[in-house]
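Structure, as structure tokens:
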There are 2 protein chains.
Amino acid sequence: MEIGRPYSRLLQRLEKLNTLSAHDRQLIAELPLTVANFSANEEVVRHGESPSRCTLVLGGFLYGHKRVNGSRRQITSFFVPGDIADLHTLHLAPLDHSLSTLGPAVVAFMPHAAFREMLDRSPQLAEAFWRDTFIRLAILREWVTNLGRRDAIARVAHVICELALRLQRVDLAQDLCFSIPWTQTDLADACGISNVHANRVVQELRRLGLVEWDSRKVRIRDWDAVTKIADFSDEYLQLGGPAKRDPLLGQKVSEHA
Amino acid sequence: MEIGRPYSRLLQRLEKLNTLSAHDRQLIAELPLTVANFSANEEVVRHGESPSRCTLVLGGFLYGHKRVNGSRRQITSFFVPGDIADLHTLHLAPLDHSLSTLGPAVVAFMPHAAFREMLDRSPQLAEAFWRDTFIRLAILREWVTNLGRRDAIARVAHVICELALRLQRVDLAQDLCFSIPWTQTDLADACGISNVHANRVVQELRRLGLVEWDSRKVRIRDWDAVTKIADFSDEYLQLGGPAKRDPLLGQKVSEHA
DNA sequence: CGACCGATTGACACAGCTCAAATGAAGTGG
DNA sequence: CCACTTCATTTGAGCTGTGTCAATCGGTCG
């Protein structure tokens, strides 16, 4: 798990959310980090806790999940390197869900106090993180739609498409191919289906020649066909970068009256 | 539809998100508002648009929705008076979903420019709105769980519980009884089920003596039983008010080391 | 009165679930 | 290097919750 400077993928993502100054980058670099290693399937933050730090994913994957009737699991989000998985703990407590590792993972903890100080010093960063929060909202809206109105094969294909693009953004996927240490049961719990049916759907995607899936390695072989089955459109991921600003006014240029 | 001062319910909600000063309240009161009336089932903001203003609900209800394969509708959120339904347009464009009225509704449009200026002038307000965004995230996580892992009757009961509490917070529900101009098809599209099945579920809830539902009027007759069926817990709604602050430090008091 | 819309009902079909067992792959310890 | 365990994947066989289709009923409004 090559990591480079620990905050490099975070910066990479933030640069696409807002224009950052050298000063902003400096502030990020100065954040006090506590790096921690976790093995597969460990709970990093538990439902009900009120942590005083945020969790930045450096390597590997985290996922957020809730339980229904104390048993059935629903995965509500995946987090990839460069993501802050529990930014909301900055403003909400206690945690309404748990955060676990998919496979082995490396994370960095950032104390709330230092993080808030950083936000106070840079309105640009504060804006970038708020925008990041809005993008997470958009992703969850798409997940609600996915679970509410698509059949099993579309759900699975949709989740795979989303992960491919999110990983591509941080250079962890090339040619629509990426490694992720999940099981078919994990995928099932993200898609709201049973593990048995997840298996059948994966086999169907393989049979159609659309997706390869060999232990931990996923490859989308026919992007157009898969996005069609998944009813996938990338607009909600806001990959386009920061909204244009009018350099004279320093404000967003609105495209409408 | 009595409205009082247009921003009164918004203030009411914000007060629970952060401690506001007289100056903050003044800033809210000074926001330039354009009030508009809509009739039932009108699109207030359309998917793909890039509005330059936010939409505050004054009276009635809005809902956000997406379409799958261009036809099947999924409702992703309900908005009640005091809610800003499209705060994210402040930072994201174009819109990834549409915003429509459930019944007749009164809204106020607030120009982005004025809104941003207000946020620049008050870190407390900026924090309150960011926190509001995090609460919306929590609500969507719960919806994902609802659609992914609960059966039809639990989904319906869950949505009803959530609305009751959210409306109670702005004095639009008393004794777990509220009016909302939705149809069973609207409820079905929020729960990811068919309208026919929504009807059967509603009848079942009536038969069990748990919920009354006479054209537009919903009453929860047995809160404990309904929350049990719905697997409902209100923690995700963050009704508890703003996190306590240490008055000396002016920082959040963290409950954990 | 006719048109329309939402609620309701019935009959039937099927996607996806559950249960259970088999197979395969990857350690682990002797 | 082989038994043994463990965990993920795969397969099969029924079962059921929910969808679809179509018709009816009831209220409301012009």
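Note that the structure is predicted; figures quoted are calculated from it, not measured. Each chain gets a letter, A, B and so on, in the order the sequences are listed, and its residues count up from 1.
- Taking the six-membered ring where the residue is Trp, A/W213 and A/W182 present parallel rings, their angle staying beneath 30° rather than reaching 60°.
- Toward the 5′ end of DNA chain C lies the nearest nucleotide of B/W213, the other residue of the pair B/W213 and A/G192 mapping further downstream.
- Proximity of A/N199 to the phosphate of D/dT9: no side-chain N or O atom is located under 4.0 Å from OP1 or OP2.
- In this structure, of D/dA8, C/dC17, C/dT8, it is C/dC17 that holds the atom nearest to the side chain of A/R200.
- A/R206 comes within 4.0 angstrom of the backbone, heavy atoms only, and of no base.
- Aromatic ring pairs are classed by plane angle as parallel below 30°, tilted from 30° to 60° and perpendicular above 60°; the pair B/Y236 and B/F232 is perpendicular.
- With rounding to whole Å, B/L147 atom CG is found 16 Å from D/dG17 atom C1'.
- Note: B/H65 and B/Y63 have tilted aromatic rings, judged against thresholds of 30 and 60 degrees for the angle between ring planes.
- Side-chain nitrogen and oxygen atoms of A/R72 include none within less than 4.0 Å of the OP1 or OP2 phosphate oxygen of C/dC17.
- Checked for salt-bridge contact, A/D171 and A/R9 miss the test: no charged N lies under 4.0 Å from a carboxylate O.
- Whole-Å rounding puts the A/E204 CD to D/dT11 P distance at 13 Å.
- Residue A/N195 contributes atom CG, which lies 15 Å from atom P of C/dG16 at whole-angstrom precision.
- Side-chain atoms of A/V196 lie closest to D/dG12 of the nucleotides C/dG16, D/dT9, D/dG12.
- As rounded to whole Å, 14 Å separates atom P of D/dG19 from atom CD of B/Q184.
- Within the 4.0 angstrom heavy-atom criterion, only backbone atoms of the sugar-phosphate kind lie near A/R216; the bases stay farther away.
- One N or O on the side chain of B/T145 and one on the backbone of B/R141 form a donor-acceptor pair closer than 3.5 Å.
- Here D/dG19 is the nucleotide among D/dT10, C/dG16, D/dG19 with the atom lying nearest to any side-chain atom of B/S194.
- When the side-chain nitrogen and oxygen atoms of B/Q203 are compared with OP1 and OP2 of C/dA7, none of them lie within a distance under 4.0 Å.
- One can place CG of B/D151 at 12 Å from C1' of D/dT16, the figure rounded to the nearest angstrom.
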